[in-house]
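A note on names: the letters A, B, ... follow the listed sequences, proteins ahead of strands, and every chain is numbered from 1. Heavy atoms only: backbone and side chains are in, while hydrogens, waters and symmetry mates are out.
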Amino acid sequence: MKRQLVELPISTSDGQFIARYSEKGLAELDFPNANRRRRGNESQISEDEDSSRRLRQIKKWHRATETALKKTLAGSKSKLPPLDAEGTEFQKSVWREMRKIPLGRTKSYGEVAQAIGNPKAVRAVGGACGANPIPVLVPCHRVLAANKKLGGFSGGLDWKRSLLKREGLSL
DNA sequence: TCCGTATTGAACT
DNA sequence: AGTTCAATACGGA
């Protein structure tokens, strides 16, 4: 059984993103028009004291997510809410490593593999990037192929190109 | 256990 | 400069 997530929209000039929260933080972020199934919504929160406290917490995180997303889309640095992406240890170590890539810089899949102490796991790193549930804020778009070419992107290569360009990079 | 993957680098045209 | 190919770690079925 999947954990229950609270789902909230974020309107930006690039369209409406969808954020989902666990009790520990931001768990997922969808691009506009991503066709992903709904997993929960605000109305399902009951009215006991714990739930309303949790909802207030989530709304606070959501404000942080909104500003972080908008700033990142504008190509500037931002403070993130707590993240609670679900995945294997390997995937989480890849996502952790991607978060260390500074704005406007890139790493190759091989370099990420090396950085997490698993230098031969280059393809697995690609897999973990594709499984990243929080694109943009966990900057999977800053990971390129070794020849400095684009590689792939689950949200569509146009997004990857665009995000890098906003950070001041060309190819 | 088998298959696909957002790879890589070398060895070939 | 393009194509093929083996090696490779991981995750899903």
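The main-chain N or O of A:Val138 is found under 3.5 Å from a side-chain atom of A:Asn132 such that the two form a donor-acceptor pair. Between the side chain of A:Arg20 and the main chain of A:Leu5, no donor-acceptor pair closer than 3.5 Å is present. In terms of modelled atom types and a separation under 3.5 Å, the side chain of A:Trp95 and the main chain of A:Ala131 share no donor-acceptor contact. At least one donor-acceptor pair closer than 3.5 Å links the side chain of A:His62 to the backbone N or O of A:Pro9. A donor-acceptor contact shorter than 3.5 Å is absent between the side chain of A:Thr12 and the backbone of A:Lys70.
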Do any N or O atoms of the protein come closer than 3.5 Å to N or O atoms of nucleotides 11-13 of chain C, and which pairs are they?
residue, atom, partner, partner atom, Å
C:dG11, OP1, A:Thr88, OG1, 2.2

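Residue A:Ala124 is in base contact, counting any heavy-atom pair closer than 4.0 Å across all strands shown.
Salt bridge status for A:Arg63 with A:Glu66: absent, with no side-chain N to carboxylate O gap under 4.0 Å.
Interatomic distance, A:Leu83 CG to A:Trp61 CH2, rounded to the nearest 0.5 Å: 10.5 Å. Atoms CG and CG, from A:Leu55 and A:Asp50 in turn, are 12.5 Å apart once rounded to the nearest 0.5 Å.
Listed by residue number, there are no residues of residues 94-104 of chain A with a heavy-atom contact under 4.0 Å to DNA chain C. Residues from residues 112-120 of chain A lying near DNA chain C, meaning a heavy-atom separation below 4.0 Å, are A:Asn118, A:Lys120 in numerical order.
Ring-centre distance between A:Trp159 and A:Phe153: not below the 6.0 Å cut-off.
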- Item | Bracket notation of DNA chain B in which parentheses pair within the strand, [ ] cross earlier pairs, and | pairs with another strand (Watson-Crick or G-U, under 3.5 Å) | |||||.|||||||
- Audit row: A:Phe17, A:Thr65, side-chain contact (heavy atoms from CB on, under 4.5 Å) steps and yes/no: CA-CA 11 Å; A:Phe17 287 70; A:Thr65 304; over 6 Å; no
- Given side-chain contact (heavy atoms from CB on, under 4.5 Å), test A:Lys160 with A:Leu144 step by step and report yes or no. CA-CA 10 Å; A:Lys160 189 169 186 175; A:Leu144 307 182; 3.8 Å; yes
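Environment of CG in A:Asn147: crowded, with over 12 heavy atoms of neighbouring residues, nucleotides or ligands closer than 6.0 Å.
For the residue pair A:Ser22 and A:Ala27, the shortest heavy atom distance occurs at N-CB, 4.2 Å.
Residues A:Ser162 and A:Arg166 bring a donor and an acceptor atom of their side chains to less than 3.5 Å of each other.
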- A correct 5'-to-3' footprint of nucleotides 7-13 of chain B, with B, S and - meaning base, sugar-phosphate only and no protein heavy atom under 4.0 Å, is BSS----
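With sequence neighbours excluded, the residues satisfying salt bridge (Lys or Arg N to Asp or Glu O under 4.0 Å) with A:Lys92 are A:Glu89.
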